[in-house]
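The block underneath contains the structure these notes are about, expressed in structure tokens.
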Amino acid sequence: MDTKELLKKVRKIEIKTKRLSNHIFSGEYHSSFKGRGMTFSEVRQYQYGDDIRNIDWNVTARYNEAHVKVFEEERELTMVLMVDISGSEGFGSKSQFKKDIVTEIAATMAFSATQNNDKIGLILFSDNVELYIPPKKGRSHVLRIIRELIEFEPKSQKTDVAQALKFLSGTQKKKAIVFMISDFMSEDYEQTLKIASKKHDLTGVRVYDIREEKIPNLGMVTMLDAETGKTQLVDTGSKTVRMNYEKHYQERVNYFKDTFRKSGAGIVNTRVDENYVTKLLGYFKSR
């Protein structure tokens, strides 16, 4: 993609997603996440009605008088966007690819955070972390994130959610609002998710295409696995083949839902042909 075409695409996404974040998301984002982080402010003398759990026993012993720690709401939060760029994100059967919707959702969330003067970081992952942009503020930083979402070419086509979560836990020491955007066609990430969600406010946004759920009866068809690059002749006329595919797909989806719920993380499911704005707003309001 040449520079002129890239800038045109970035601008188009900026106009659409900035409008959404300005008029719709910023208020909902603010009310959903502000106040969840508290920082230590000062120590003062105990007053009637103070929470005894906030007593600073070291200071109390030093002055022989009860003192409490005072906390205040964090004014500045950090958002980390974790975006799956594996081969399966290139799937699309209607007017858009999953990758297009993933980019729009990520950009909308980034501009929503910018409206609240928060920092935004980006992790692009396949079966490894392919790119990490540390959290920073500002429009130019968000535009860089959008550029990478559009043009970054992954070295691997496979997916490993666990590796991405390990990287998050290792690099993001302070609590962050984390949106992991993927189709979650991965497994064995329960333990790493549990660790990450204890520390961070984590939400899994599953983006999928309706045509992925079932294989239509088309007879003998050569199919390509986007993540391994292998082709295989598949008898889609076989009811057993179709049922096995559907079962395997549903197992992955159920694993995602069950694992995220057990760890206390949030869940958003949106199809490429659905209005992701409605889905995200509904999620924010239910928090």
Side-chain angles (χ1 to χ4, degrees), residues 1 9 12-13 16-17 20 81-109 124-127 149-154 156-161 164 179-189 203-260 266-283:
M1 190 185 301
K9 271 198 165 189
K12 189 179 176 183
I13 288 171
K16 180 177 180 178
T17 58
L20 289 173
L81 299 168
M82 301 182 71
V83 181
D84 180 355
I85 54 169
S86 62
S88 61
E89 294 306 316
F91 186 89
S93 61
K94 299 259 181 181
S95 58
Q96 279 183 306
F97 293 106
K98 284 192 287 186
K99 186 180 188 293
D100 299 330
I101 300 298
V102 165
T103 300
E104 283 191 18
I105 291 172
T108 303
M109 299 316 304
L124 298 182
F125 70 94
S126 53
D127 58 348
L149 287 165
I150 292 170
E151 71 168 355
F152 191 88
E153 292 292 333
S156 172
Q157 298 297 308
K158 297 176 182 178
T159 314
D160 191 333
V161 168
F179 287 93
M180 183 174 239
I181 313 170
S182 172
D183 55 13
F184 292 94
M185 289 293 108
S186 183
E187 53 194 357
D188 298 329
Y189 53 82
T203 301
V205 182
R206 187 173 76 92
V207 179
Y208 66 103
D209 192 294
I210 195 168
R211 297 285 175 90
E212 292 176 297
E213 296 179 325
K214 296 178 182 179
I215 299 177
N217 185 349
L218 299 170
M220 296 298 288
V221 177
T222 302
M223 290 190 171
L224 170 70
D225 185 324
E227 299 216 348
T228 64
K230 292 177 182 176
T231 57
Q232 189 176 345
L233 195 63
V234 178
D235 182 8
T236 63
S238 165
K239 190 177 179 181
T240 305
V241 168
R242 294 199 306 273
M243 282 177 68
N244 284 342
Y245 172 86
E246 193 177 332
K247 181 173 177 282
H248 175 73
Y249 179 85
Q250 204 53 53
E251 281 172 356
R252 292 283 176 93
V253 173
N254 291 339
Y255 179 74
F256 159 70
K257 290 178 180 175
D258 294 343
T259 306
F260 268 71
I267 292 173
V268 179
N269 290 287
T270 183
R271 268 198 340 248
V272 291
D273 59 325
E274 289 180 322
N275 187 340
Y276 66 83
V277 174
T278 308
K279 292 293 184 82
L280 288 169
L281 276 175
Y283 171 67

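Since this is a predicted model, take the numbers as computed values, not measurements.
Shortest non-hydrogen contact noted between F125 and D160 is CD1-O, 4.2 Å. S156 approaches D127 most closely through the heavy-atom pair OG-OD1, 2.9 Å. In terms of heavy-atom proximity, I267 sits nearest to K257 at CD1-O, 3.4 Å. Heavy atoms only, all atoms of each residue included: Q157 and S86 are closest at O-CB, 3.3 Å. Taking both residues in full, the closest heavy atoms of F184 and G204 are given as CZ-CA, 3.9 Å, listed atom of the first, atom of the second, then distance. The minimum heavy-atom distance linking K99 with I150 is given by the pair NZ-O, 3.1 Å.
In terms of modelled atom types and a separation under 3.5 Å, the side chain of D100 and the main chain of F97 share a donor-acceptor contact. Although no hydrogens or angles enter the test, the distance criterion places no donor-acceptor pair under 3.5 Å between the side chain of T159 and the main chain of M185. Between the side chain of K98 and the backbone N or O of S182, no donor-acceptor pair lies under 3.5 Å.
Here T236 contributes atom OG1 and I215 contributes atom CD1; the two are 7.0 Å apart, rounded to the nearest 0.5 Å. Put simply, OH on Y208 and CZ on F256 are 10.5 Å apart, with the number rounded to the nearest 0.5 Å. Distance check: E213 CD to R271 CZ gives 7.0 Å after rounding to the nearest 0.5 Å. Here the CD-CD1 distance, from E274 to I210, works out to 8.5 Å after rounding to the nearest 0.5 Å. Between atom OG of residue S186 and atom CZ of residue R252 there is a gap of 7.0 Å, rounded to the nearest 0.5 Å. With values rounded to the nearest 0.5 angstrom, N254 atom CG is found 11.0 Å from K247 atom NZ.
The closest side-chain heavy-atom distance from L280 to M109 is below 4.5 Å. Residues Y276 and T108 have side chains in contact (heavy-atom distance under 4.5 Å, counting atoms from C-beta outward). In this structure, T203 and V268 have side chains that are in contact, with non-hydrogen atoms separated by less than 4.5 Å. Residues V253 and R206 are in side-chain contact: their nearest non-hydrogen atoms beyond the backbone lie under 4.5 Å apart.
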message: Before you tell me yes or no, could you show the steps for D183 and D84 under side-chain contact (heavy atoms from CB on, under 4.5 Å), namely the whole-Å CA-CA distance, both residues' side-chain angles and the distance that decides it to 0.1 Å?
response: CA-CA 8 Å; D183 55 13; D84 180 355; 3.5 Å; yes
message: Before you tell me yes or no, could you show the steps for R242 and E246 under salt bridge (charged side-chain N to carboxylate O under 4.0 Å, His left out), namely the whole-Å CA-CA distance, both residues' side-chain angles and the distance that decides it to 0.1 Å?
response: CA-CA 6 Å; R242 294 199 306 273; E246 193 177 332; over 6 Å; no
field: Test side-chain contact (heavy atoms from CB on, under 4.5 Å) applied to M220 and L233, step by step
entry: CA-CA 7 Å; M220 296 298 288; L233 195 63; 3.6 Å; yes
query: Hey, mind stepping through L81 and L149 against side-chain contact (heavy atoms from CB on, under 4.5 Å) and telling me if it holds?
result: CA-CA 11 Å; L81 299 168; L149 287 165; 5.6 Å; no
field: Verdict with reasoning, V207 to V272, per side-chain contact (heavy atoms from CB on, under 4.5 Å)
entry: CA-CA 7 Å; V207 179; V272 291; 4.1 Å; yes
- request: Start with the C-alpha gap between R211 and D209, add the side-chain angles, then the distance that decides, and say whether salt bridge (charged side-chain N to carboxylate O under 4.0 Å, His left out) holds.
  value: CA-CA 5 Å; R211 297 285 175 90; D209 192 294; 5.6 Å; no
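In this pair, Y255 and Y189 present their aromatic rings perpendicular. The plane angle is above 60°, beyond the 30 to 60° band. Ring orientation note: the planes of Y249 and Y245 are close to parallel, at an angle under 30° on the 30°/60° scale.
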